[in-house]
Each structure stands twice: as structure tokens, then as C-alpha cells.
Amino acid sequence: MKKCMVIINPSSGKEKASEYEKKIIGQLHNYEVIVKETAGEKDATRFAKMACDEQYDAVILVGGDGTLNEGINGIAEQPHRPVVGVVPLGTVNDFARALDISLDPDEAIALLGGKTTKADIGKVNDHYFTNVIAIGLLAEAVGDVSVEQKTSLGSLAYLFEGVKAAIQNDSYEMEVTADGQTYKENMMLFICVLTDSVGSFRQLNEDADKSDGLLHGFIIKSTSTLQVVGTAKNLLTGNYEDDDNIIKLNAREMHIKATEAFPLNVDGDLISQLPAKISILHNHIEFFAVNSGTRPK
Ligand SMILES: Nc1ncnc2c1ncn2[C@@H]1O[C@H](COP(=O)(O)OP(=O)(O)OP(=O)(O)O)[C@@H](O)[C@H]1O
């Protein structure tokens, strides 16, 4: 019988995670299921790695983007990578949106054990990510983002803090090298995204696909107070082609450095700092999802 590990973060999603346990086990009737509850930081990473080491067929991550990121970090480096299921219980759930996994936990549970699709995973220094990396003015910004902002804007909530900082005339010279081409600019923000779902802004990166093998980078140059709001609007609505303050880059590898060791915001958390090497692992993990790109072997 196939084996599945269900990793539940009981603190996610108004602490309803444990309620879904029974439903998940019922849905996975073809599997021998073991349930692991996380108690704190990196538990999901440890459990997911254990599932790889023990040749599990599937791992289900039940929680928010933080739990998903931790689980993926346990799986990405391993030679045997189980199929991953996602039951989104967070406030943002960007990756679930990108995979067209319903944000209704019951509907997401109904996908477990069914069709699968492969998706790209990003790597920044020695850490893996599923959604977005952002650099610039973030140390202060992250602390200023309210839960309400995070819920409505997703991981781009801090962009507004970036806009605020730009109005205060803060910017930094950063160097971005994308597949060998170097851009040295005074930047307000640099973001690198994997999918077409960044917060609730699906227009920002419409041409991106979760399995296109590309990193999608946006350099947002520092600009005048007058122009900054227009630039933010152009970015969020995908009208960056006519905006000289935005440079869009598609590449397989990017290197970012600056005169200072700025923090890297990775999938919403401050993980490490510059310099950064970002690369893409094409179609690296298979997920239970609606889009049936590839069936499991
Ligand atoms: N039992 C627990 N009690 C409290 N915190 C926990 C527990 N288990 C894991 N955690 C912590 O929860 C965090 C992840 O939470 P979650 O999955 O809700 O992510 P999130 O980033 O808060 O999601 P979102 O922003 O989408 O709401 C991890 O940092 C982990 O350390």
C-alpha cells in the first residue's frame, strides 16, 4: 500500500487544522496515512525530510504559506520527492492560488490523491521558495504590515511600505545579473516571482506559469515622489512595459548584490541577506492539483 505523511500545523488558519485531519484521512483511503503535528519552527521541514528518507509516496502540508515553505525545504534537496498535497489554511496562500487549488479547505482536500501537476521551485542561496523573493527596504516594512493588509494584498503588502519609504527618498544601489546581463540601478525594490499569483495581483506577472522554468524579476527603480504611486499601480496591473521605472527580467539564474547586506524576504519571511544567488529547479515537485499537467508514473 502507498504511504502518505500528513503534516499539520495546528496553529494555522484560526487553529482549525486538526478538524480537517479526519477528512484528509478519509480522502486518502488508498494510502497508509501517518499524521505529524508541528510544534514549532522547522518541524515541517524535519518531518517532510523524514518522509523522503523513508520513501513515502505523498506528503500533505496542512497550514499557511509558512508551513508550505518549511515542508518544501525538507523535500527539495532529496533524491526521492513524494507528491505534495496542499491544504491551504493561511491568510495568503499564494502558491495554492497559482496551482488553482481551492482556498476552501474541503475542496482542497477533495484533490488529494487525485490528478497531479509539476511545478518549478526556486532556490535562493541555500533556501528554497515557492512564490516570491523581495529585496529592499524590507527590514522595516515587514514589521509594518498588518494582518488585514497581508490578507488582501498577500506577499506584496510590503510593496506599499516600499512606496512609503520611496516617498521618504530611501533607495539603494543594487546590482542584478540575470543570465549574464548586469543591471546596476538605484532601486526601491527588487522582486523575483515564480508564478502568476503574487498576492491577489494576477495581472502583475500574467505571462508566468508555475512550470515555465523561469525566474521572473522586476527591478523597480527609485523614482520621484510624484511618479512612485503611478509606478506601483503600473506594476500591480501589469502595465510595466511603458514605465521606464520598471525593468522586467526573465532568466534561469540571477545574482543580486549591493553595498550593504540587505535582508532577503523569502515567501514572506526574512530568511537571509545579500548577496543572493537565485536559481530555478524546473518542474521539481509534483503536486495534487486541478491542473493535470503530468500524471504520476
Ligand atoms: N504548534 C505550533 N504552534 C505555534 N506555531 C507553530 C506551530 N507549528 C508550527 N508553527 C510555526 O508556524 C509558522 C507557519 O505558520 P503558517 O503556516 O500559518 O504560515 P504563515 O506564514 O503564518 O501563513 P500565512 O501568512 O499564509 O497565514 C512556522 O514559522 C512555524 O514555526
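Model, not experiment: these values are computed from the prediction. We count residues from 1, following the sequence as given. Read the numbers this way: they start at 1 and go in the same order the structure lists the ligands and their atoms.
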Heavy atom of D43 under 4.0 Å from ligand 1? no
Using a 4.5 Å cut-off on heavy atoms from C-beta on, say whether the side chain of F129 contacts that of I271. no
Any residue meeting side-chain hydrogen bond (donor to acceptor under 3.5 Å, both in side chains) with N30, in chain and number order, not counting sequence neighbours: none
Could you tell me, atom by atom, which parts of ligand 1 come under 4.0 Å of a heavy atom of P10? 1 (N)
As a quick check of understanding, evaluate side chain to side chain donor-acceptor pair (under 3.5 Å) for D243 and T231, giving each step before the final call. CA-CA 7 Å; D243 192 323; T231 290; 3.2 Å; yes
If I take atom CG from residue L274 and atom CD1 from residue I256, how far apart are they, to the nearest 0.5 angstrom? 7.5 Å
Taking atom 9 (C) of ligand 1 as the point of reference, which of T38, I7, L89 owns the nearest heavy atom? T38
Give the minimum heavy-atom separation between E107 and S102, together with the two atoms involved. OE1-OG, 2.9 Å
Any nitrogen or oxygen of G66, side chain or backbone, less than 3.5 Å from one on ligand 1? yes
Begin from the C-alpha positions of D65 and N69 and carry the test side chain to side chain donor-acceptor pair (under 3.5 Å) through to its verdict. CA-CA 6 Å; D65 282 331; N69 182 288; over 6 Å; no
Under 4.0 Å from any heavy atom of D65, which atoms of ligand 1 are there? 23 (O), 26 (O)
Sub-3.5 Å N/O-N/O distance, K42 and ligand 1: no
Have a look at ligand 1 and work out which part of E70, if any, has a heavy atom under 4.0 Å from it: side chain, backbone, both or neither. side chain
Residue portion contacting ligand 1 (non-hydrogen atoms closer than 4.0 Å) for N9: side chain
